[in-house]
Amino acid sequence: MILYNGTDKRLRRYSIFMVVLAVFFLAPLVAEHTWEAGMVWQDGRTNESIPMMLKAMYLSLSICVLMGAKDPVRNAIIIDYSMISSLIHGLVMLYYAIILEWEKAHLYGDVLMLLVLAVVLFFYHPRKITRST
């Protein structure tokens with residue numbers, strides 16, 4: 001089983017949250033086909049290798065988050081990485097969405113998604129759950 005099996009119901013809920021998060025990290029792989037303007041960068045200088053590398057990174061992150069769901073506190077470093085990488089990735093993309101006129105739609109797509117995710121992960125963290133006992 002991939003979910004937390006201990007007695008703490010809050011950690012069980014967090015474990016379920018991690019499974020949902022793992023699926024969420026796969027969402028851009030689908031969203032790029034449904035809302036291209038908000039998920040796919042249109043700059044002609046981008047070659048196909050960059051989107052494939054990003055897909056590989058998010059697939060890997062999704063697998064690690066899923067594996068960490070069995071013990072959220074012990075695997076909190078995966079949440080830390082998810083939070084920090086989402087924040088940094090979102091800020092870099094924010095900068096480019098602002099300076100590249102034709103990429104404004106990303107402000108309401110992947111940029112917003114990454115920054116909101118970083119905030120959610122900061123406030124809803126497995127270590128904070130166990131400290132609030």
Side-chain angles (χ1 to χ4, degrees):
M1 178 168 254
I2 61 171
L3 294 175
Y4 173 77
N5 285 324
T7 58
D8 191 333
K9 292 180 193 269
R10 297 167 305 160
L11 288 177
R12 173 71 174 191
R13 283 191 302 270
Y14 200 89
S15 181
I16 294 167
F17 168 74
M18 288 180 76
V19 171
V20 171
L21 183 62
V23 173
F24 179 77
F25 282 133
L26 296 176
L29 305 180
V30 176
E32 73 174 338
H33 301 291
T34 58
W35 187 35
E36 197 171 296
M39 299 302 283
V40 179
W41 291 76
Q42 303 302 317
D43 188 347
R45 296 172 294 175
T46 303
N47 64 38
E48 189 57 31
S49 64
I50 295 170
M52 289 306 290
M53 287 186 271
L54 283 170
K55 289 175 188 177
M57 292 301 298
Y58 277 104
L59 177 61
S60 302
L61 182 56
S62 181
I63 291 167
C64 289
V65 169
L66 196 59
M67 291 169 41
K70 188 156 184 77
D71 191 347
V73 176
R74 191 168 182 202
N75 295 297
I77 189 70
I78 296 168
I79 297 300
D80 294 338
Y81 177 79
S82 301
M83 174 182 52
I84 294 165
S85 66
S86 295
L87 177 64
I88 293 170
H89 188 177
L91 290 174
V92 169
M93 291 172 62
L94 173 65
Y95 170 77
Y96 284 106
I98 291 171
I99 67 165
L100 300 174
E101 281 293 320
W102 57 90
E103 300 291 1
K104 296 279 188 240
H106 291 279
L107 295 171
Y108 309 104
D110 43 11
V111 172
L112 180 62
M113 177 182 71
L114 287 167
L115 296 177
V116 167
L117 176 62
V119 170
V120 168
L121 292 174
F122 177 78
F123 287 106
Y124 189 58
H125 194 282
R127 287 190 194 110
K128 289 182 180 185
I129 291 171
T130 57
R131 273 191 243 140
S132 66
T133 310

For the backbone of [Y] and the side chain of [X], can you confirm whether one donor and one acceptor N or O come within less than 3.5 Å of each other?
X    : Y    : result
S60  : A56  : yes
S62  : Y58  : no
K128 : F122 : yes
S15  : A69  : yes

In this structure, would [X] and [Y] fall into the same cluster of hydrophobic residues linked by side-chain contacts under 4.5 Å?
X    : Y    : result
L121 : V20  : no
L87  : I98  : yes
I99  : W102 : yes
L112 : L91  : yes
F17  : V23  : no

### Task
Could you tell me whether Y124 atom OH has more than 12 heavy atoms of other residues or ligands within 6.0 Å of it?
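Yes.
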### Message
side chain to side chain contact (heavy atoms under 4.5 Å, CB included), that's the test. Do Y96 and H106 meet it? Break it down for me.
### Response
CA-CA 9 Å; Y96 284 106; H106 291 279; over 6 Å; no
Closest contact, heavy atoms only, [X] versus [Y]:
X    : Y   : value
E103 : A97 : O-CB, 3.7 Å
R12  : Y4  : NH1-O, 2.9 Å
L54  : H89 : CD2-CE1, 3.9 Å
A22  : V65 : N-CG1, 4.0 Å

State, yes or no, whether a side-chain contact exists between [X] and [Y] at a heavy-atom distance under 4.5 Å.
X    : Y    : result
L117 : L21  : yes
M18  : L66  : no
L115 : V119 : no

Rounded to the nearest 0.5 Å, what separates atom [atom1] in [X] from atom [atom2] in [Y]?
X   : Y    : atom1 : atom2 : result
L94 : L114 : CG    : CG    : 10.5 Å
L59 : I63  : CG    : CD1   : 4.0 Å
L3  : N5   : CG    : CG    : 7.5 Å

### Message
Working note: S82 + F25, criterion side chain to side chain contact (heavy atoms under 4.5 Å, CB included); need CA distance, chi angles, decisive distance, verdict.
### Response
CA-CA 10 Å; S82 301; F25 282 133; 3.9 Å; yes
### Message
Does I79 form a side chain to side chain contact (heavy atoms under 4.5 Å, CB included) with Y14? I'd like the steps, not just the answer.
### Response
CA-CA 11 Å; I79 297 300; Y14 200 89; 3.6 Å; yes
### Message
Restricting to side-chain contact (heavy atoms from CB on, under 4.5 Å), what partner residues turn up for D80, sequence neighbours left out?
### Response
I77, M83, H125, R127
### Task
Start with the C-alpha distance between N75 and M67, add both sets of side-chain angles, then the distance that settles side chain to side chain contact (heavy atoms under 4.5 Å, CB included), and finish with yes or no.
CA-CA 9 Å; N75 295 297; M67 291 169 41; over 6 Å; no
